[in-house]
Amino acid sequence: MARPFSIPVGITATGECFPERVITNDDLATMMDTSDEWITTRTGIKTRYWVEPGMASSDLGAKALQMALDRRGIGADELDAIITATVTPDMVFPCTSALIQHKVGATKAFGFDLNAACSGFLFALTTAAGMVGSGRFKRIAVVGADVMSSIIDKTDRTTAVLFGDGAGAVIVEAVEDGYGILDFEHHINGVGAPYLNMPAGGSLRPTSHATVDAKQHYIYQQGAEVYKNAVRDMAEVSRVVLDRNGFKPEDLALFVPHQANIRIMDAAAKRLEIPSERMANNISKYANTTAATIPTALHQSAVAGKVEKGDLVILAAFGAGFTWGGTLLRWSI
């Protein structure tokens, strides 16, 4: 299949950042009716990292981006743009990308935020790749950053146990022919909106005493509906990009699913017939960091030597919207 952009484009560096404060399942048991056994058996999560008061998505994102820049051996002033995927911006405006741009000193970059929930990083990666692939831009940073602890009800065990805070970043540039992003498939379907959302704080239900008292500024989720759609859609979209390019699951060196829940991840991998040792998995330590799960899991896999130059990799995501997508790439680092 013909490459999706006029020039080959790929990831040339990765980075990550997590806050220092570790929250164990036992810690959560002091806040709500739950236990380590209940959380572990249902989610696969043992710990997560939450920020201290006053730390925001831009703080984590800037540190993750700085790591990626350092690993690439370039300065922030060599970036043309910054795209930040987040559902927890520091504030409604200005955009979090502007705050990250200032913190890292990317004096020549423009940028914007992108909200596609847990699929945000993949959608932002495709957007950046298209911009570089046009030939108009040379180097773009993509950041996935979320402080999920800021929008969870810490007395609700159905949602609070699932989420952590973190950020991942990649540098997107032109790469050697035959490497980089080979294909992608992305979708969105608003029929899923009632099942995973934050009810208030937007134009539909502006912030008021009533919305705050009703706890409508926290995540709301119907887990069973999200589960069945996430498993099916991440597996199917991955199969589409593999089939379209003449590959089989056994050709993959690494499958990087959104780190939502170990049951979802394992079920999606099983549908694709991908063994667990070829699936990126950091859910136990970091929990669901929304837009940060894929870039951090990818970074950790690269650092650990689980993916090498020339390997085939699939990134798969599913999030509120519903949104979902898959990206096939040949690792170029």
Side-chain angles (χ1 to χ4, degrees), residues 17-57 59-60 86-90 117-118 145-167 192-202 205 207-231 257-267 281-293 296-297 318-320 322:
C17 177
F18 294 96
E20 295 182 359
R21 183 162 61 126
V22 182
I23 304 296
T24 68
N25 291 343
D26 289 334
D27 292 331
L28 292 181
T30 67
M31 307 177 195
M32 65 192 78
D33 179 20
T34 192
S35 68
D36 175 64
E37 188 273 339
W38 191 91
I39 298 170
T40 302
T41 56
R42 288 164 175 77
T43 70
I45 299 167
K46 298 293 289 185
T47 61
R48 71 284 296 145
Y49 291 71
W50 287 355
V51 300
E52 298 289 353
M55 178 173 281
S57 293
D59 296 310
L60 300 178
T86 185
V87 296
T88 57
D90 288 28
C118 298
D146 274 301
V147 175
M148 298 306 292
S149 63
S150 67
I151 58 170
I152 56 175
D153 177 357
K154 295 182 177 66
T155 65
D156 177 12
R157 72 174 184 174
T158 65
T159 55
V161 303
L162 298 172
F163 295 97
D165 304 336
Y195 304 113
L196 181 54
N197 59 63
M198 190 173 77
R205 295 185 184 91
T207 304
S208 67
H209 287 293
T211 63
V212 172
D213 291 344
K215 295 187 175 182
Q216 292 183 334
H217 297 268
Y218 295 131
I219 296 168
Y220 169 78
Q221 175 174 267
Q222 292 187 28
E225 195 70 24
V226 173
Y227 176 92
K228 70 179 182 181
N229 282 276
V231 171
H258 167 53
Q259 311 284 300
N261 178 311
I262 193 61
R263 291 180 173 180
I264 292 175
M265 295 158 59
D266 283 345
N281 179 359
N282 67 9
I283 186 76
S284 175
K285 184 175 183 179
Y286 298 106
N288 180 352
T289 54
T290 306
T293 71
T296 57
F318 181 89
F322 292 132

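The shown structure was predicted, so the numbers you read here are calculated from the model rather than taken from an experiment.
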What are the two closest non-hydrogen atoms of T158 and Q221, and how far apart are they? O-NE2, 4.3 Å
Smallest heavy-atom separation, D27 atom then V22 atom, equals OD2-O, 3.7 Å
Sorted by chain and residue number, the salt bridge (charged side-chain N to carboxylate O under 4.0 Å, His left out) partners of K285 (sequence neighbours excluded) come out as none
Y218: partners by ring-ring contact (aromatic ring centres under 6.0 Å, His included), with sequence neighbours left out: none
Can you list everything that forms a ring-ring contact (aromatic ring centres under 6.0 Å, His included) with F322? Sequence neighbours excluded, please. F318
Has the side chain of Q259 got a donor or acceptor atom that lies under 3.5 Å from a matching backbone atom of T293? no
Going by the ring pair (Phe, Tyr, Trp, His ring centres under 6.0 Å) test, which pairs reach into residues 18-42, not counting sequence neighbours? F18-Y286
Holding to salt bridge (charged side-chain N to carboxylate O under 4.0 Å, His left out), I want the full list of residues that pass it with D59, two or more places apart in sequence or in another chain. K103
Any pair counted as salt bridge (Lys or Arg N to Asp or Glu O under 4.0 Å), so long as it reaches residues 216-226, sequence neighbours left out: E225-K228
Between D165 (side chain) and S149 (backbone), is there a donor-acceptor pair under 3.5 Å? yes
Excluding sequence neighbours, so at least two apart, what forms side-chain contact (heavy atoms from CB on, under 4.5 Å) with P194? none
By side-chain contact (heavy atoms from CB on, under 4.5 Å) - contacts of T41 (at least two apart): E37
Once side-chain contact (heavy atoms from CB on, under 4.5 Å) is applied, do any residues pair with T88, and if so which ones, sequence neighbours excluded? S57, T86, D146, V147, M148, S150, I151
All side-chain contact (heavy atoms from CB on, under 4.5 Å) counterparts of D36, not counting sequence neighbours: N25, D26, T40, K46
Residue set satisfying salt bridge (charged side-chain N to carboxylate O under 4.0 Å, His left out) with K154, at least two apart, ordered chain then number -> none
Sequence-distant partners of E52, salt bridge (charged side-chain N to carboxylate O under 4.0 Å, His left out), two or more places apart: R21
R205 side chain vs P199 backbone, donor-acceptor pair below 3.5 Å: yes
Could you tell me whether the side chain of R48 and the main chain of V161 form a donor-acceptor pair under 3.5 Å? yes
